[in-house]
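Just so it is clear, the structure is predicted and the values come from calculations on it, not from any experiment.
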Amino acid sequence: MLVGKRISDRYKILELIGGGGMSNVYLAHDMILNRDVAIKILRYDFSNEDELHRRFQREALSATSLTHPNIVSVYDVGDDGDLHYIVMEYVQGKTLKQYIQEFAPISPARSVHIMKQLTSAIANAHENHIIHRDIKPQNILMDAEGDVKIADFGIAMTLSATSFTQTNSVLGTVHYLSPEQARGGTATNKSDIYALGIVLYELLTGELPFSGESAVSIALKHLQAETPSVRAFDATIPQSLENVVLKATAKDASHRYNTVEEIYDDLETVLSPSRINEPKFVIPVDNDATKAIPIIKEHVLIKDEDLTKTRVMEPIVEAKSPSQPQLKKSAPVKAKKKKWPKIIAGLFIAAIIIFLFFLFATDLFSPKKVAVPDVANLTIDEATKKLEAEGFIVGEEHQERNHEEIEKDKVIETDPAKNSLREKGTEIDLIVSLGVEMTTVDNYVGQNYSQVEALIKGKYKEVRKEEVPSREPEGRIIEQSIPADTEVVAKEETITFKVSQGVRMVRVESVVNYTKADMDDYVRRVGLKWRTSREEYHESIPAGSVISQLTKAGTMVEEGSFISVVISKGPAKKPDKPLVIPVVIEYKPTEEGIAQNIRIEIQDKNHTFSEPVEFPILDDTPYNIQLVIEEGKDASYRIIRDSEIILEDKVKYEDVN
């Protein structure tokens with residue numbers, strides 16, 4: 001048993017919260033990030049299947065690319081010895097299967113709301129080229145607010161693919177298996193669409209469309225039997241909503257929705273009045289059922305041997321240089337008297353004379369040298385004029401560099417440096433200031449503060465830290481005072497970082513019978529929030545008070561989290577009371593044979609005195625006065641013959657049995 005152990009010295013196993021044929025799921029606590037997580041651990045009886053491990057990790061890593069509010073986030077994938085695990089977001093609540101078993105059948109409006117979340121999530125997965133392959137209510141979690149999150153992307157299919165003997169693990173999935181998967185084909189995007197259609201059927205009816213004594217018999221029904229009608233189960237379900245089920249679960253994948261986005265768009269309007277009585281979806285008739293299938297030719301892969309073989313290089317032969325013609329031996333030359341020693345001696349004496357002359361007469365012949373003037377802090381034009389006045393030439397190209405004291409476009413120094421002795425006409429280069437060096441501020445948000453502090457130490461005038469509560473891990477920078485990519489003089493700026501203190505956990509109290517004012521006071525005091533999940537009638541709890549809480553008392557939640565509660569609407573309203581009062585309207589004409597006009601006025605739930613009933617009588621006429629009386633209200637009626645009130649009365653709700 002793993003409860004109480006630590007995985008990779010980071011995840012402390014708290015309790016077993018679920019399991020399947022291939023893995024067990026535990027509630028664990030991340031000791032580094034100080035949060036609860038769900039950790040799925042591969043079962044021990046698969047520990048020697050190397051291929052299983054590779055595919056398990058590959059599929060899990062692909063799921064980490066999914067970011068969607070209706071998909072369970074995958075935080076980490078790894079192994080510890082023989083244990084292979086996936087760390088996921090911990091969703092406190094129940095599975096959609098448990099929700100269906102408890103509340104089925106689900107109303108069309110609620111079913112559509114759930115399906116829109118599911119289709120949005122699966123569409124996101126398909127955009128990332130990930131097929132779930134095993135969509136079923138058992139793999140869908142429902143949180144305290146009633147929102148759903150899909151888990152187990154690709155994992156069930158990956159595991160079952162490694163062992164054909166694990167039939168018990170397949171049995172739970174075969175109810176949602178597409179026909180192409182039942183045939184042994186590859187799962188596609190449309191396989192997920194088929195499974196979504198089965199889930200919608202189960203939401204609306206609380207039952208599965210196909211059942212049998214074995215997985216094989218159920219798979220055959222997916223292949224052969226049409227999806228039963230949800231309207232046969234409940235005639236109040238709109239035809240438009242049944243059409244979504246029928247189109248999503250068509251046997252031929254070409255007759256289903258092309259994409260999950262199409263289902264979502266259909267669900268947007270499926271309950272609108274204009275679509276309630278739309279025609280039933282039927283599979284298009286194929287007038288050319290028997291078709292010739294073209295021969296599929298095998299493509300032969302040709303190996304380019306010219307590119308892969310090792311070539312033998314021909315030896316490179318150096319070209320022989322042509323034979324130099326042989327010099328013929330010349331005949332002996334008669335030695336001549338050499339004159340060059342006398343020439344060299346004369347030149348040497350002349351050099352000595354010149355050297356001595358320059359040594360004693362430099363002032364007479366050498367050009368005069370001038371000190372380079374100081375032009376620091378002058379503009380380029382001012383420096384140029386000053387240097388030229390001393391007889392120097394200013395170079396056209398200027399060197400540039402930053403300087404903390406000298407303004408931009410003013411001279412820092414010269415090359416050669418000031419006071420250097422140089423001949424007039426020497427070219428002097430100016431070194432010009434670019435001003436104070438500007439620093440482009442990096443984006444430090446999301447980084448660890450201690451690392452950033454060490455990195456920028458001494459760079460800014462001051463670095464400040466402001467700790468704030470946050471869901472981000474402790475020590476992570478969540479905001480910086482100077483936006484990224486801003487150019488600043490770092491030595492003159494103070495940069496302030498808002499750093500996460502981490503999540504503070506709060507134990508939820510029992511809030512049953514709290515009024516709304518009590519709830520406001522409680523959440524303000526402990527650092528939580530609250531919201532109404534729904535309102536219900538209650539015989540003993542007064543209106544506006546809490547009947548129950550979806551976030552159970554004793555649960556540890558993050559500071560700033562919502563507590564969802566059910567609010568009382570007070571005692572349920574008593575039913576309306578119908579009452580029939582038979583009367584005989586007496587005929588009293590002033591002249592015999594003349595009709596009298598009768599006017600009957602009623603004031604009750606369905607009538608007002610301003611909507612009377614009038615008719616003539618020639619003799620005594622029986623009449624039934626029909627009243628509907630609401631709780632806490634009265635009903636009245638009166639009969640007027642010509643202009644005379646001959647009968648009127650008032651009936652109280654309490655007086656009617």
Side-chain angles (χ1 to χ4, degrees), residues 3-4 11-19 25-31 33-39 69-70 72-73 87-104 106 110 114 137-138 140-149 151 469-472 474 501-572:
V3 175
Y11 305 107
K12 183 177 181 181
I13 305 297
L14 301 180
E15 62 178 296
L16 178 68
I17 56 176
V25 182
Y26 296 87
L27 172 62
H29 188 73
D30 187 337
M31 308 301 292
L33 299 182
N34 190 28
R35 65 181 177 186
D36 287 343
V37 296
I39 183 166
N70 299 115
V72 174
S73 299
V87 181
M88 302 173 293
E89 171 189 4
Y90 173 56
V91 180
Q92 185 179 356
K94 61 184 74 174
T95 66
L96 184 60
K97 187 71 172 181
Q98 293 169 329
Y99 178 80
I100 292 172
Q101 291 171 344
E102 187 174 351
F103 298 105
I106 313 301
R110 177 65 176 151
I114 292 172
Q138 295 91 324
I140 300 168
L141 305 176
M142 178 172 285
D143 62 20
E145 285 72 39
D147 295 324
V148 294
K149 288 177 176 281
S470 169
R471 290 191 174 186
E472 295 292 332
E474 184 179 358
Q501 291 178 329
V503 177
R504 188 175 73 87
M505 303 300 290
V506 178
R507 186 179 297 278
V508 178
E509 299 177 6
S510 173
V511 294
V512 175
N513 282 317
Y514 276 29
T515 64
K516 292 181 179 180
D518 293 337
M519 288 299 301
D520 289 338
D521 179 67
Y522 167 66
V523 296
R524 183 169 52 250
R525 175 166 44 86
V526 300
L528 297 175
K529 302 175 185 176
W530 75 280
R531 60 186 167 200
T532 301
S533 175
R534 61 181 181 275
E535 294 185 349
E536 296 178 354
Y537 292 107
H538 199 280
E539 293 300 317
S540 60
I541 296 180
S545 295
V546 177
I547 298 174
S548 61
Q549 57 195 92
L550 300 183
T551 309
K552 302 299 182 184
T555 303
M556 298 297 292
V557 299
E558 296 177 0
E559 184 179 30
S561 299
F562 278 93
I563 300 175
S564 296
V565 298
V566 179
I567 296 293
S568 172
K569 295 197 291 186

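- Side-chain contact between E558 and M505: present, with at least one pair of heavy atoms (C-beta onward) separated by less than 4.5 Å.
- Taking CE of M519 as the start and OG of S545 as the end, the distance is 11.0 Å to the nearest 0.5 Å.
- Taken to the nearest 0.5 Å, the CG atom of L141 stands 9.0 Å off from the CD atom of E89.
- Side-chain contact between V511 and D518: absent, with no pair of heavy atoms (C-beta onward) separated by less than 4.5 Å.
- Listed by chain and number, the residues in a side chain to side chain donor-acceptor pair (under 3.5 Å) with R504 are E559 (sequence neighbours excluded).
- Contact record, K552 with T555: O-OG1, 2.8 Å, taken as the closest heavy-atom pair.
- Shown here is K12, whose NZ atom has no more than 12 heavy atoms of other residues, nucleotides or ligands within 6.0 Å.
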Identify all side-chain donor-acceptor contacts of residues 525-532 below 3.5 Å with residues at least two apart in sequence or on another chain.
unit_1: W530; atom_1: NE1; unit_2: D520; atom_2: OD1; d: 2.8
unit_1: R531; atom_1: NH2; unit_2: E145; atom_2: OE1; d: 3.4
unit_1: R531; atom_1: NH2; unit_2: E145; atom_2: OE2; d: 3.0

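- Counting non-hydrogen atoms of other residues, nucleotides and ligands closer than 6.0 Å to CD of E474 gives a total of 12 or fewer.
- Considering OG1 of T95 and CD1 of I140, their distance stands at 9.0 Å, rounded to 0.5 Å.
- Here the straight-line distance linking atom CG of L14 with atom CG of L27 works out to 4.5 Å at 0.5 Å rounding.
- Here the closest non-hydrogen pair linking V512 and I547 is CG1-O, 3.5 Å.
- Proximity of a side-chain donor or acceptor of Q98 to a complementary backbone N or O of G93 within less than 3.5 Å is not detected.
- Closest approach of I541 to V546, counting heavy atoms only: CD1-O, 3.8 Å.
- Not one N or O on the side chain of R507 forms a donor-acceptor pair closer than 3.5 Å with the backbone of M556.
- Checked by atom type and distance alone, the side chain of Y514 never pairs as donor or acceptor with a backbone atom of Y522 at under 3.5 Å.
- Side chain of H29 to main chain of M31: no donor-acceptor pair is present (N/O by atom type, distance under 3.5 Å, no hydrogens or angles).
- Expressed to the nearest 0.5 Å, how far CG of N513 lies from OG of S568 amounts to 9.5 Å.
- In this structure, the ring-ring contact (aromatic ring centres under 6.0 Å, His included) partners of Y99, at least two apart in sequence or on a different chain, are F103.
- Considering all non-hydrogen atoms of both residues, N70 and V148 come closest at ND2-O, 2.9 Å.
- The heavy-atom pair separating A28 from Y11 by the smallest distance is CB-CB, 4.4 Å.
- The closest donor-acceptor contact from the side chain of K94 to the backbone of M142 lies at 3.5 Å or more, if one exists at all.
- Taking every heavy atom of both residues into account, T551 and Q549 meet most closely at O-NE2, 2.8 Å.
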